Amino acid sequence: GAGQTVLQLVNTSAAHHREVIVQAGAYAEHHFTQVGAEPLAGHAAVPVAAVPVDGTRLRVVLPPGTGVRLDLGTRCFAHPPTYELPWANA
């Protein structure tokens with residue numbers, strides 16, 4: 001069924017960008033349908049309205065010292081589980 005996943009990410013580095021790959025489920029069995037982003041309190045960033053996403057993974061780049069809350073539209077159990085590494089096709 002359809003649902004929502006909420007995730008908070010923080011880059012604690014004051015000097016370096018960080019890249020994170022977020023996967024929908026431990027075995028990519030879920031599917032992201034959209035993502036919205038809001039800065040965490042005390043972190044500089046611009047809110048992002050919900051934008052369409054169509055996949056089991058997404059890449060997030062965090063500038064130094066930033067934090068973000070991601071609101072991910074999620075379709076649960078949309079794919080068969082896989083052991084493929086998240087960064088293999090990111």
Side-chain angles (χ1 to χ4, degrees):
Q4 181 177 6
T5 303
V6 177
L7 177 66
Q8 294 184 0
L9 299 171
V10 176
N11 180 358
T12 58
S13 172
H16 303 286
H17 283 72
R18 299 292 188 219
E19 183 177 297
V20 178
I21 297 172
V22 179
Q23 178 172 281
Y27 301 101
E29 69 273 27
H30 308 311
H31 191 93
F32 292 133
T33 58
Q34 67 178 14
V35 62
E38 293 182 29
L40 293 178
H43 294 270
V46 177
V48 175
V51 294
V53 175
D54 184 25
T56 59
R57 300 175 181 98
L58 63 99
R59 184 184 312 247
V60 179
V61 178
L62 294 166
T66 60
V68 66
R69 171 191 155 130
L70 300 178
D71 294 306
L72 301 156
T74 307
R75 271 196 345 257
C76 296
F77 305 105
H79 304 283
T82 179
Y83 285 110
E84 182 179 72
L85 298 173
W87 46 88
N89 293 315

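Only a predicted model underlies this, so the values are computations on that prediction, with no experimental measurement involved.
- Using a 4.5 Å cut-off between side-chain heavy atoms of Ile, Leu, Val, Met, Phe, Trp and Tyr, with links allowed through other members, Leu58 and Val20 fall into the same hydrophobic cluster.
- The aromatic rings of His79 and His31 lie tilted to each other, with the angle between the two planes from 30° to 60°.
- In plain terms, the two heavy atoms of Arg18 and Ser13 that are nearest each other are NH2-CB, 3.7 Å.
- Summarising the geometry of Cys76 relative to His30, their closest heavy-atom pair is CA-ND1, 3.3 Å, with the distance given to 0.1 Å.
- Considering all non-hydrogen atoms of both residues, Ala37 and Leu70 come closest at CB-CD2, 3.8 Å.
- Shortest non-hydrogen contact noted between Gln23 and Pro86 is OE1-CG, 3.2 Å.
- Residue Ile21 holds its CD1 atom at 8.0 Å from CZ of Arg57, rounded to the nearest 0.5 Å.
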List the steps, then state whether side-chain contact (heavy atoms from CB on, under 4.5 Å) holds for Phe32 with Thr74.
CA-CA 5 Å; Phe32 292 133; Thr74 307; 4.0 Å; yes

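- Between Asn11 and the choices Val68, Val60, Leu62, the side-chain contact (heavy atoms from CB on, under 4.5 Å) rule is met once, by Leu62.
- In summary, the side chains of Arg69 and Gln8 do not present any donor paired with an acceptor at a separation below 3.5 Å, with no hydrogens or angles considered.
- Proximity of Pro63 to His17: side-chain heavy atoms (C-beta onward) are separated by under 4.5 Å at one or more points.
- Criterion: ILVMFWY side-chain heavy atoms under 4.5 Å apart, direct or through other members. Under it, Leu72 and Val61 are not part of a common hydrophobic cluster.
- Linking ILVMFWY residues whenever their side-chain heavy atoms come closer than 4.5 Å, directly or via other members, places Leu7 and Val53 in the same cluster.
- In the hydrophobic cluster analysis, where Ile, Leu, Val, Met, Phe, Trp and Tyr join through side-chain heavy atoms closer than 4.5 angstrom, Val6 is grouped apart from Leu40.
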